There are 2 protein chains.
Amino acid sequence: MSITIKDVAKEAGVSVATVSRALNNNGYVHEDTRKAVMDAIQLLNYKPNEVARSLFTKKSKFIGLVLPDITNPFFPSLARGVEDFLYAEGYHLIIGNSDKQQDKESEYIDAFLQNNVIGLIISTDEIAYNKLEKAKIPTVLLDRVAENFPAVYADQDEGGTLAAERIIASGCRCVTIVRGPISVQTTYKRYKAAYHVLKQHQIEINIIDSSLSFQGGQEAAIRLLRSIRIRMAFLLVMILLQLRL
Amino acid sequence: MSITIKDVAKEAGVSVATVSRALNNNGYVHEDTRKAVMDAIQLLNYKPNEVARSLFTKKSKFIGLVLPDITNPFFPSLARGVEDFLYAEGYHLIIGNSDKQQDKESEYIDAFLQNNVIGLIISTDEIAYNKLEKAKIPTVLLDRVAENFPAVYADQDEGGTLAAERIIASGCRCVTIVRGPISVQTTYKRYKAAYHVLKQHQIEINIIDSSLSFQGGQEAAIRLLRSIRIRMAFLLVMILLQLRL
DNA sequence: TTGTAAGCGTTATCAC
DNA sequence: GTGATAACGCTTACAA
């Protein structure tokens with residue numbers, strides 16, 4: 001039904017091999033026949049079947065991106081950045097939401113491999129290392145770090161320091177840090193750096209632990225507000241006592 | 001390098017045809033040989049090459065999702081919902097950000113088709129209708145509507161009505177509607193329904209136009225706040241005059 | 001510079 | 001019930 005390389009070959013009056021060579025700029029092909037091929041391609045609006053290509057080359061135009069949850073507001077911009085770059089290069093993104101379950105991540109990796117993805121970008125905490133190493137698929141960690149894997153991530157020390165300096169500059173003398181899981185290196189480093197700066201400036205520090213999910217942040221916020229409310233009630237009592245009412 | 005159906009066939013002492021049949025529950029295969037095949041699969045940890053499958057069947061496990069911009073907070077949950085369902089069924093999601101450019105959307109569609117996607121889910125405003133109709137690929141519109149295409153979308157009348165009723169119930173007598181582009185059916189309907197209810201209750205209505213992007217909302221909010229500030233300054237002056245200071 | 005043909009890993013059509 | 005084998009659309013030796 002679809003137009004194949006054969007149709008193009010017939011139209012251009014050459015063999016499929018020549019069409020292929022012209023298409024991929026591979027090996028010699030006379031300028032005139034190249035033109036004839038290109039014309040035929042245009043005329044028929046031929047688009048190579050990427051599946052057939054992939055079967056032969058064992059490559060593809062796909063990259064797999066596995067992240068905890070695209071719904072978490074941190075990830076869409078990550079995904080977008082990746083996608084933009086891939087689009088420009090003619091590649092495409094397959095996404096997987098692991099929900100922090102190793103087995104889900106593992107299934108995604110398998111499925112991606114079965115489709116000849118040429119690489120993986122992973123941004124989860126519970127990484128299926130052994131699977132990755134066995135598969136020998138190029139992998140880079142995004143916003144995560146681990147031994148034996150290339151990773152791209154922000155400078156957490158700098159980030160934590162900047163955040164602390166900024167809040168100090170704004171005049172706060174008592175700050176509460178909503179801290180991510182201490183088992184996650186990135187957030188822990190950020191916390192450490194901020195804590196360090198805050199301490200140096202003798203700021204009163206309050207810590208609230210939170211998961212990295214939206215819901216976790218929400219819960220942390222509620223706990224924070226509750227503690228503030230208590231503190232305010234306490235202050236109020238103090239004031240009332242002062243006023244000797 | 002990878003394990004193929006041939007390896008399984010050899011291991012199980014049968015032909016590739018039999019392995020294929022066992023794998024796909026196609027045609028007859030004796031219970032004993034089926035077991036032998038399954039054992040071999042387990043032993044070798046064989047995973048079918050989806051690319052080869054796809055080449056033959058002209059199908060795939062891929063669905064293409066094209067949306068304006070995954071970075072827009074509305075879309076991640078959409079994508080997640082789709083992805084969850086696909087995952088459960090063994091399918092996968094390829095995403096494309098169209099940035100509201102028809103040609104970009106068109107390129108994505110081409111690329112997806114070249115990879116034998118079995119369907120498209122589209123959630124953009126500038127839909128490349130003619131391309132879609134020519135391609136004859138099953139597509140469904142998400143949160144958009146158009147003639148000749150199946151679509152899933154929220155009940156906008158109901159939504160607008162609910163929003164209006166809710167805000168009236170909360171006691172507001174003067175509400176400003178931040179309205180999406182009137183050219184987009186979904187948002188326009190929502191606006192209309194809300195407007196209608198508000199009017200019925202003699203609420204004072206103020207309208208601000210906004211694009212559907214995050215940035216657009218931000219700008220609208222700024223415009224809104226600015227107008228409120230002016231109104232407040234006005235109120236203040238009135239009060240001061242009242243007080244005859 | 002070009003064409004012929006093998007092969008990528010499957011599935012389906014036929015014989016047996 | 002099972003096994004050869006052609007075919008899917010492409011790329012790349014190898015010949016010409």
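Residue numbers begin at 1 in each chain, while the letters A, B, ... track the order of the sequences. Note that the structure is a prediction, hence the values are computed from the model and not measured.
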| query | What's the verdict on salt bridge (charged side-chain N to carboxylate O under 4.0 Å, His left out) for B:Asp69 and A:Arg80, showing C-alpha distance, side-chain angles and the deciding distance? | reply | CA-CA 8 Å; B:Asp69 180 6; A:Arg80 181 58 143 110; 2.9 Å; yes
Between [atom2] of [N] and [atom1] of [X], the distance in whole Å:
X	N	atom1	atom2	answer
A:Lys35	C:dT1	NZ	P	18 Å
A:Ile41	D:dC10	CD1	P	10 Å
A:Leu23	D:dC10	CG	P	9 Å
B:Lys59	C:dT10	NZ	C1'	15 Å
A:Lys6	D:dC10	NZ	P	10 Å
A:Leu55	C:dG7	CG	P	14 Å
B:Phe56	D:dC10	CZ	P	16 Å
B:Tyr28	D:dT2	OH	C1'	13 Å

Ignoring backbone atoms, test whether [X] places a side-chain nitrogen or oxygen under 4.0 Å from the OP1 or OP2 oxygen of [N].
X	N	value
B:Lys58	D:dG9	yes
A:Tyr46	D:dC10	yes
A:Asn26	D:dT12	yes
B:Arg53	C:dT11	yes
B:Asn49	C:dC8	no
B:Thr4	C:dC8	no

Side chains of [X] and [Y]: do they bring a donor and an acceptor to under 3.5 Å?
X	Y	value
A:Lys131	A:Ser106	yes
A:Thr124	A:Glu105	yes
B:Ser54	B:Asn116	yes
A:Arg34	A:Asn25	yes

| query | Between B:Val29 and A:Glu50, which is nearer to the 5' end of DNA chain D once each is assigned its nearest nucleotide? | reply | B:Val29
| Starting at the 5' end of DNA chain D and moving along, which residue's nearest nucleotide shows up first, B:Thr18 or B:Thr57? | B:Thr18
Collect all protein-nucleotide pairs involving nucleotides 14-16 of chain D in which both atoms are nitrogen or oxygen and the distance is under 3.5 Å.
none

| query | After noting the C-alpha distance and the side-chain angles of B:Tyr91 and B:Phe85, does the key distance pass the ring-ring contact (aromatic ring centres under 6.0 Å, His included) rule? | reply | CA-CA 8 Å; B:Tyr91 286 79; B:Phe85 186 82; 9.1 Å; no
| task | Scan B:Thr33 against the nucleic acid and name what it touches under 4.0 Å (heavy atoms): base, sugar-phosphate only, or nothing. | result | sugar-phosphate
| Non-hydrogen side-chain atoms of A:Asp7 and A:Tyr46 separated by less than 4.5 Å | no
| field | Aromatic plane relationship, B:Tyr108 with A:Tyr87 - under 30° parallel, 30 to 60° tilted, over 60° perpendicular | value | tilted
| Per the side chain to side chain contact (heavy atoms under 4.5 Å, CB included) rule, which among B:Ile121, B:Ile122, B:Ile95 passes with B:Val66? | B:Ile122
| query | Looking only at atom types and distance, does a side-chain atom of A:Asp155 sit under 3.5 Å from a main-chain N or O of A:Asp157, one as donor and one as acceptor? | reply | yes
| field | Closest listed nucleotide, where the reference is the side chain of A:Val14 and the choices are C:dA12, C:dG3, D:dC10 | value | C:dG3
| said: I want to verify a distance call: between D:dT11, C:dA12, C:dG9, whose nearest atom is closest to the B:Ala17 side chain? | reply: C:dA12
| remark: Under a 4.0 Å heavy-atom cutoff, the residues of residues 110-118 of chain B touching DNA chain D are none
